[in-house]
Protein chains: 2
Amino acid sequence: MSEHVEGPIGVVPALVRSAFLVNSVYVNSAREYGLTQQQGQLLCVLMAQPYGMGELGAVLGLAKSSLTGLVDRSERNGLVQRQDDPQDSRAVRVALTRRGAKLAEEFYAETCRRVEVLATGLAPGERDTLAALLGRVVTDNKVPTVFL
Amino acid sequence: MSEHVEGPIGVVPALVRSAFLVNSVYVNSAREYGLTQQQGQLLCVLMAQPYGMGELGAVLGLAKSSLTGLVDRSERNGLVQRQDDPQDSRAVRVALTRRGAKLAEEFYAETCRRVEVLATGLAPGERDTLAALLGRVVTDNKVPTVFL
DNA sequence: CCCCGGTAGTTCGTTCTGCGAATTTGTTAC
DNA sequence: GTAACAAATTCGCAGAACGAACTACCGGGG
């Protein structure tokens, strides 16, 4: 058959494959906390502060109508709550409930732990290099802060 | 308010955020070819060779029952076809149709282009370093080859 | 004061995703 | 040849995501 020499992997496949890897870790971690990936993301974003639906849509990259459902389900599960915006009675602020905040902390910590494990094959200096390079990639491309 | 010193980003958030970034590029690219992310992944995997449903489930990380639907929809769209396995009449080999192969090539190329753009802020040597480090992460963690 | 354009969210209908449990069909090992 | 196992599919269900249409409300003229 073919030779499978592989050689050095290109930066594109490296990025794509690591993305799938990290994603699957994220999904599995969420699952064990009774969350879907999207619910986990929502909780992580809300850990920083409450947001309006519009802002959430921008941060998570979702249409308004998609968000309504996600927040509905999370609210039904007692993880977030809609609060009236005192300035604007059309608007809504979505905030973590006490239970949601607790779960978010736990999920976040566990997910960090698992992602960290992925990089244990690298020496500490290599990890720093990787972090610096990837950090530039994400800042160069203005990724909304969905984590940390 | 808070200081926002940021400092060097950690390897964990760097991995997570780059994963979301790459993922959104992938999703958008797929969308423009009339594909969902999952359909795009299926096509990319099948570019290498036909697979049985079981193998596909392992590679894509899906339950068998999830795969049936994905292949059904892709088949309905004329992108893949089920072929009888000559060795085992229970089994099925899923292969790209001519149209599916063409679309897969185009989608794959365009996605590569877009992911490459993400790293244009890095010098060539830095890209190589990034590729090497990420490459080790993915091989250390035995990611199924979903790309390339 | 009222109306009007824009904004914040929700509702509705649809498609796709993903799972587990149960089922069908076929293989293989004994 | 039958019993155990394996490959797919079917079914029912819940979540995710979208666009279009809608409601409610904020502003700023006139």
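Here is how names work: the chains are called A, B, and so on, in the same order as the sequence lines, proteins then strands, and each is numbered from 1.
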For B:Asp84, does the CG atom have more than 12 heavy-atom neighbours from other residues, nucleotides or ligands under 6.0 Å away?
no
Are the aromatic ring centres of B:Tyr33 and B:Tyr108 under 6.0 angstrom apart?
no
Any salt bridge linking A:Arg127 with A:Glu116? Criterion: basic side-chain nitrogen under 4.0 Å from a carboxylate oxygen.
no
Where do B:Asp72 and B:Arg82 land on the salt bridge (Lys or Arg N to Asp or Glu O under 4.0 Å) test, with the steps shown first?
CA-CA 9 Å; B:Asp72 281 352; B:Arg82 288 174 164 92; 3.0 Å; yes
Common cluster, A:Val27/B:Leu42, ILVMFWY with side-chain heavy-atom separation under 4.5 Å
no
Which residues satisfy the side-chain contact (heavy atoms from CB on, under 4.5 Å) test with B:Ala104, sequence neighbours excluded?
B:Leu43, B:Met47, B:Leu96
Contact string for nucleotides 6-13 of chain D, one letter per nucleotide 5' to 3', B = base within protein heavy-atom range under 4.0 Å, S = sugar-phosphate only, - = neither, reads BSBBB---
Residues within residues 37-45 of chain A bordering DNA chain D, heavy-atom distance below 4.0 Å:
A:Gln38, A:Gln39
Scan residues 54-64 of chain A for pairs that pass side chain to side chain donor-acceptor pair (under 3.5 Å), counting only residues two or more places apart or in two chains.
none
Does this structure show an ion pair linking B:Arg113 with B:Glu110, if we count only N-O contacts that are shorter than 4.0 Å?
yes
Among residues 25-36 of chain B, which contact DNA chain D at a heavy-atom distance under 4.0 Å?
B:Arg31
Should A:Val11 and B:Asp128 count as side-chain neighbours, where that means a heavy-atom distance under 4.5 Å?
no
Nucleotide range of DNA chain C lying under 4.0 Å from chain B heavy atoms
C:dC16 to C:dT27
